Amino acid sequence: MGLPYVIRRSIVYFLSLFGGLLINFLAPRLVPGNPLQTRLMELQRMGVRAGGQEFIEKYMKIFGLDQPLHVQFINYLSSVIHGNLGVSITRFPTEVREVIALHFPWTLGLLYFSYFACFFLGVLLGALVGWKSSKMRNAVFMLFIVLSQMQYYTVAMSLLYLFAFLFPVFPTGSAYSLGITFESIFHQIVDIAWHAVLPALSIILIGVGGWTLAARGLMVSIKGEDYLMLAKAKGLSERRRFLYYGLKNTLLPQITDLAITMGFVATGSILVEVIFRYPGMGYVLYRAITALDYPLIQGIALMYVFGVTTAGFIVDLMYPLIDPRVRHE
Amino acid sequence: MINKNSHLKRLLVKAALIKNTLLVVKGNLYIFSGLCLLVCIILFAVLGMYIIPFDPVKIGSVPMDLPPSSKHLLGTDSLGRDLFAQLCFGTLTSLQIGFLAGIIGFLIALMVAFFGGYHGGKLDGILTILTEVFLTTPTLIILIIIAAVVERIEIPTMALIIAAFAWAWPAKTMRAQVLSLKEKGFIYLSRLSGLNSLEIIMKHMIPNILPFLGSYFAVVVSAAMISEVGLEVLGLGPRHTITLGIMLYWAMMHAAVTRNLIWWWLPPCIMLFLIFFSLFLFQRGLDVIANPRLRGE
């Protein structure tokens, strides 16, 4: 392609964001039926005499719904850029922005910790198996491959059943103990970590397999490279050859996949949060869906789209800085 | 005589090809076990549907919260429905959505990869950027936005929505295949001999990467089913019927895990795992055929 990498990647990034915004904007408007009209009809069925056509027109004007679509879209864009995502219906009068700010840190913590844990554990295991296979390593490898074919809800529900219900070692839900005053900040941190074990474990158990498979493949092909032969001929120790010549080269190319798998893990974390009632954005999203709180659904969805695409964008831009082989191409 | 001879030769070549393919399938444990597993799952569900006299969808048709017994093989749920009937019915509807979405998504990917990759130029540039846009956007989130506003989702609608977002990754990898294939000698030759591009694609390119295409198809189906169940677990799906995801949705809604109703949430999980695992085996086996390097040492 003719375009430089950075410009190309930026175009993709802004198009993704724009697409997310566009769908967020269009989806409720393209569905047949006027929400006001439906609501009024419901009211009338219940016997309430509500205003007629005039009333609808007035409200359409207040919300700017009588303007042409492109004007509406520009208004929508400017309000999103100003951080105005509307008001939650179920938590009226709290703004969507405030709800997100309240729950975002939980998702961020859980997601990023387990995401990077998956990456490093997975690549390390795959590299080990590719380097030298033994019965033990292969068994662990196969275990994670099978696990990677499991689904988030399966693993999360099983862990919940085993370690919170049958053997109540861990709490069944939430992210911290309620109604307890902690002796110190240290105790509070332990409590939070204790609540995060099962949700994080669900994500890690599933995520490791994919990285392992790819890392093993890479390591097998790296093992045939001349520079490893040279390293061996130079008499470098096996440990050194594995760490600096093998592992390093297995780790780097995989960084490009970080951006793509990010979306998968992020959406998986939604399901995990729902099952463990972990108070992150995913659980709030689920609650919003069951309560039909559209502004909140859209606000959180937008936040996820923004978070995932931005994280991917940053990772992809940093990659050439980390791996010099890409820079010279 | 010559004509007859060449005809016979062609037949022999064909027979050898078929025999080879059969050998590969038979010798390839992955594909064989994957296919067997999938067929078994479908047979199990269809047979179950015929044997079980209970309605899987109608609420209150049997007593609530019964543990598994000889009458209700997997017990009943808190809404008064037989769970074995639900499992069989749900497996079929889930597979239906998954395969429908998979087929549509695969066709989109095929078109994007071949039209873009083969012809190149501006169209290809636009298509690759579009593919990357879809790749970097979190699919399930976009699906949530769409599904949340659609009031009553039917099975075909569900499949369409999912298919629209399930094509990006196979399109990207298939395009790479097309690009490398395009430079091969026999493609140049067929272009020189005056075949049009559609003929070249259909007769010479697709047969050459058939195992790859098969494995991508399995990937698309499994990706579509991941989205499907993900949406359904959150309550966004055809809630008026039963699929495996909807079963899990109701189980979660009624806190089946902490109420010790293990017969409610575990069977659909196991069934989903089996379905995904069979698709994985199938895909892995085809990968090994397409890419001998994967066979390992």
Side-chain angles (χ1 to χ4, degrees), chain A residues 1-3 8-9 11-13 15-16 19-20 23-24 27-28 30-31 33 133 145-146 149-154 157-158 160-161 164-165 172-173 217 220-221 259-260 262-264 266-268 270-271 274-275 285-286 288-290 292 294 297-298 300-302 304-305 308-309 312-313 316, chain B residues 124-125 128-151 168-169 172 222-223 225-227 229-230 233-236 245 248 251-253 255-260 262 265-266 268-270 272-273 276-281 284 293-294 296-297:
Chain A
M1 292 309 297
L3 290 173
R8 205 179 136 70
R9 191 62 186 85
I11 291 175
V12 169
Y13 171 60
L15 279 179
S16 304
I23 289 174
N24 236 329
L30 284 185
V31 167
S133 57
I145 297 299
V146 172
Q149 292 310 302
M150 296 250 193
Q151 298 302 303
Y152 286 103
Y153 33 85
T154 314
M157 280 176 157
S158 308
L160 182 65
Y161 181 73
F165 183 75
T172 52
V220 167
S221 69
I260 291 173
M262 171 65 87
F264 183 69
T267 51
I270 295 178
L271 300 172
V274 170
I275 288 165
L285 180 66
Y286 169 70
I289 290 170
T290 46
L292 295 180
Y294 291 126
I297 298 175
Q298 297 201 326
I300 292 178
L302 210 58
Y304 266 108
V305 173
V308 169
T309 48
F313 182 56
D316 276 358
Chain B
D124 185 39
T128 20
I129 285 191
L130 197 68
T131 313
E132 274 169 43
V133 169
F134 272 85
L135 266 180
T136 49
T137 327
T139 319
L140 190 67
I141 301 287
I142 301 290
L143 289 174
I144 286 173
I145 303 173
I146 297 173
V149 296
V150 182
E151 272 185 20
W169 186 80
K172 187 185 162 134
S222 115
M225 288 197 66
I226 288 174
S227 306
V229 183
V233 169
L234 295 175
L236 297 166
L248 287 174
M252 255 169 51
M253 194 80 169
V257 178
T258 42
R259 281 173 60 213
N260 206 8
I262 191 169
W265 63 269
L266 195 61
C269 282
I270 293 175
L272 280 166
F273 169 72
F276 283 116
F277 198 63
S278 72
L279 286 170
F280 170 74
L281 285 176
R284 187 82 191 139
R293 268 184 306 176
L294 286 178
E297 300 108 280

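From a predicted model like this one, the values you see are computed outputs, not experimental measurements. Each chain gets a letter, A, B and so on, in the order the sequences are listed, and its residues count up from 1. Both backbone and side-chain heavy atoms feed into the values below; hydrogens, waters and symmetry mates do not.
Under the 4.0 Å criterion applied to side-chain N and carboxylate O atoms, B:E132 and A:R8 are assigned as salt-bridge partners.
Once rounded to the nearest 0.5 Å, the distance linking CD1 of B:I141 with OG1 of A:T267 reads 6.5 Å. Going from atom CE of A:M150 over to atom CZ of B:F276 covers 12.0 Å, rounded to the nearest 0.5 Å. Atom OH in A:Y161 sits 7.0 Å away from atom CH2 in B:W265 (nearest 0.5 Å). With rounding to the nearest 0.5 angstrom, the CD1 atom of A:I300 is 9.5 Å from the CD1 atom of B:I144.
Ranked by heavy-atom pairs under 4.5 Å with chain A, the list B:G235, B:A251, B:A148, B:A147 is led by B:A148. Listed options B:I262, B:N260, B:I142, B:I270 were ranked by heavy-atom pairs under 4.5 angstrom with chain A; first place goes to B:N260. Of the residues considered (A:T290, A:I145, A:L160), A:L160 shows the highest number of contacts with chain B, using heavy-atom pairs under 4.5 Å. Annotation: maximal heavy-atom pairing with chain A below 4.5 Å, among B:T139, B:L266, B:V229, B:L279, occurs at B:V229.
Pairing each heavy atom of A:F165 with each of B:T258, the nearest pair is CE1-O, 3.2 Å. Considering all non-hydrogen atoms of both residues, A:Y286 and B:V233 come closest at CE1-O, 4.3 Å.
Contact of A:I270 with chain B is made through the side chain alone, with heavy-atom distances under 4.5 Å. With a 4.5 Å cut-off on non-hydrogen atoms, A:Y304 touches chain B through its backbone and its side chain both. With a 4.5 Å cut-off on non-hydrogen atoms, B:L236 touches chain A through its side chain but not through its backbone. With a 4.5 Å cut-off on non-hydrogen atoms, A:L15 touches chain B through its backbone and its side chain both. Using a 4.5 Å cut-off between heavy atoms, A:A301 contacts chain B through both its backbone and its side chain. Contacts between A:I23 and chain B at a heavy-atom distance below 4.5 Å involve backbone atoms as well as side-chain atoms.
Looking at B:L234 and A:V274, their side chains come closer than 4.5 Å, going by heavy atoms from C-beta outward. Annotation: side chain of A:Q151 is not in contact with side chain of B:C269 (no heavy-atom distance under 4.5 Å). In this structure the side chain of A:V308 never reaches within 4.5 angstrom of the side chain of B:T137, judged on heavy atoms. Contact check for A:Y153 versus B:L272: side-chain heavy atoms found under the 4.5 Å cut-off.
Side chains of B:T136 and A:T309: a donor-acceptor N/O pair is absent below 3.5 angstrom, by distance only.
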